[in-house]
Amino acid sequence: MMRREALPTPCYILDEAKLRSNLELLHRVEQESGAKILLAQKAFSCFAVYPLIAEYLSGTTASGLYEARLGAEEFRKENHVFSPAYDEAEFAELCRICDHISFNSFRQLEKYRPVWEKAGVSVGIRVNPECSTQGDHAIYDPCASGSRLGVTRENFRPDLLGGVEGLHFHTLCEQNADDLITTFAAFEEKFGAFAGGMKWLNLGGGHHITRADYDVPALISLIRRIREQYGVTVYLEPGEAIALNAGWLDTTVMDSVENGIKVLILDASAACHMPDVLEMPYRPPLKDSGEQGEKPYEYRLSSRTCLAGDIIGDYSFDREIRIGDRLTFCDMAIYSMVKNNTFNGMPLPAIAIQHENGDCEIIRQFGYADFKGRLS
Ligand SMILES: *Cc1c(COP(=O)(O)O)cnc(C)c1O
């Protein structure tokens, strides 16, 4: 029995209980809507828990060959892939390990037609419904003007649809069912005439289904309507929703300095271990803390890299924080382990699981070899 406090820091800790409760909800959505839900591995590729996830979901989706291989090796259910472009060697291998392949252009579809026709995989075309629902988050908006992602109606080639079994769109990011309903209406207006001839429609990811305020009944009724009207299999491929709030990053305070503000130096780094904090950007939730100005003890949380901007955020506490204290960042399962790096030669956080009975287990530790091994 290993206690949480005995884990090394920095350490990503998966919350098995929360993961399972997310999966139970997603499984209920599958059952009540008839949709198939796939894990988008780009958000969460923690393959130690793929057997658990595979008890509840229909398969995986990949952004390229390596994720597709991981899905084939560790998840072993339906295996989908979408990439804006495939090269010849990887395409041949993808045809062996994937059952569904989506293309981003009719040129790519035609380039590989002889290969996919012979391999017997189910192919789809990603379309762009040209319906932005994300406000000013252009970096995550595949419908932003000039987007390379998905074929617009203007460039859509009904004459080349022979053999194509699916249409795919992905336009959402951390959104609710209302935005999917809006997007589906735009999709229907532009591409609805082709949907009935397909075997499947893939509505992409970005559905924040496991967030407390998500309108699950609205999602289920939309999917039921689509399945009845078009006679297709509906796929959803969320990443975030699968492991939302199902992990932490535990860190230790290494030093503190003062420069008009008290700054804590942690063994975790925004730049290296939670890059979305800087990229998105956002201030990650921290256990037992408040907003700036809310509680009496205020600190800026920062890291030990050389990057001046490697700042996680400003937080307040009920008590003084001391060197050696452990702090816990929340919602750190998604887009964390898959995006981390060893900039500054920083060590990578270990990966652990907190089991449902509270027992903690280290499932992976990294060292100097992981830093050196990707350089030459
Ligand atoms: C990013 C992405 C997903 C998963 O998105 P989440 O926001 O993590 O739910 C699914 N499909 C495609 C094509 C994507 O690019």
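Ligands are counted one by one from 1 in listed order, and the atoms in each one are counted from 1 as well.
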Residue part near ligand 1, for Glu240, under 4.0 Å between non-hydrogen atoms: both
Under a 3.5 Å cutoff, is there a donor and acceptor pairing between the side chains of Tyr50 and Gln41? yes
Contact (N/O only, under 3.5 Å) between Gly239 and ligand 1: yes
Among all protein heavy atoms in this structure, tell me which lies nearest to atom 11 (N) of ligand 1, with the distance rounded to 0.1 Å. Glu237 OE2, 2.8 Å
protein heavy-atom neighbour closest to atom 15 (O) of ligand 1 works out as Lys42 NZ, 2.7 Å
Between Tyr12 and His273, how do the two ring planes meet: parallel, tilted or perpendicular, split at 30° and 60°? perpendicular
Is it the case that Arg283 places NZ or CZ above or below the six-membered ring of Tyr315, under 6.0 angstrom from the centre and within 45 degrees of the axis? yes
Inter-residue atom distance Thr233.OG1 - Asn202.CG, 0.5 Å rounding: 11.0 Å
Closest non-hydrogen protein atom to atom 8 (O) of ligand 1, residue and atom name please, with distance? Tyr335 OH, 2.6 Å
Member of Glu237, Glu78, Glu30 meeting the salt bridge (charged side-chain N to carboxylate O under 4.0 Å, His left out) criterion with Lys36: Glu78
Ligand 1 and Gly206, any nitrogen or oxygen pair closer than 3.5 angstrom? yes
Honestly, for Glu174 the part within reach of ligand 1 (heavy atoms, under 4.0 Å) is neither
With heavy-atom distances below 4.0 Å as the criterion, list the atoms of ligand 1 near Arg126. 13 (C)
State, with a plain yes or no, whether a side-chain heavy atom of Leu167 is found less than 4.5 Å away from one of Phe156. yes
Under a 3.5 Å cutoff, is there a donor and acceptor pairing between the side chains of Glu188 and Tyr230? yes
Please verify whether a non-hydrogen atom of Pro238 lies at under 4.0 Å from ligand 1. yes
I need the atoms of ligand 1 closer than 4.0 Å to a non-hydrogen atom of Ala40, numbered in the order shown. 3 (C), 4 (C), 10 (C)
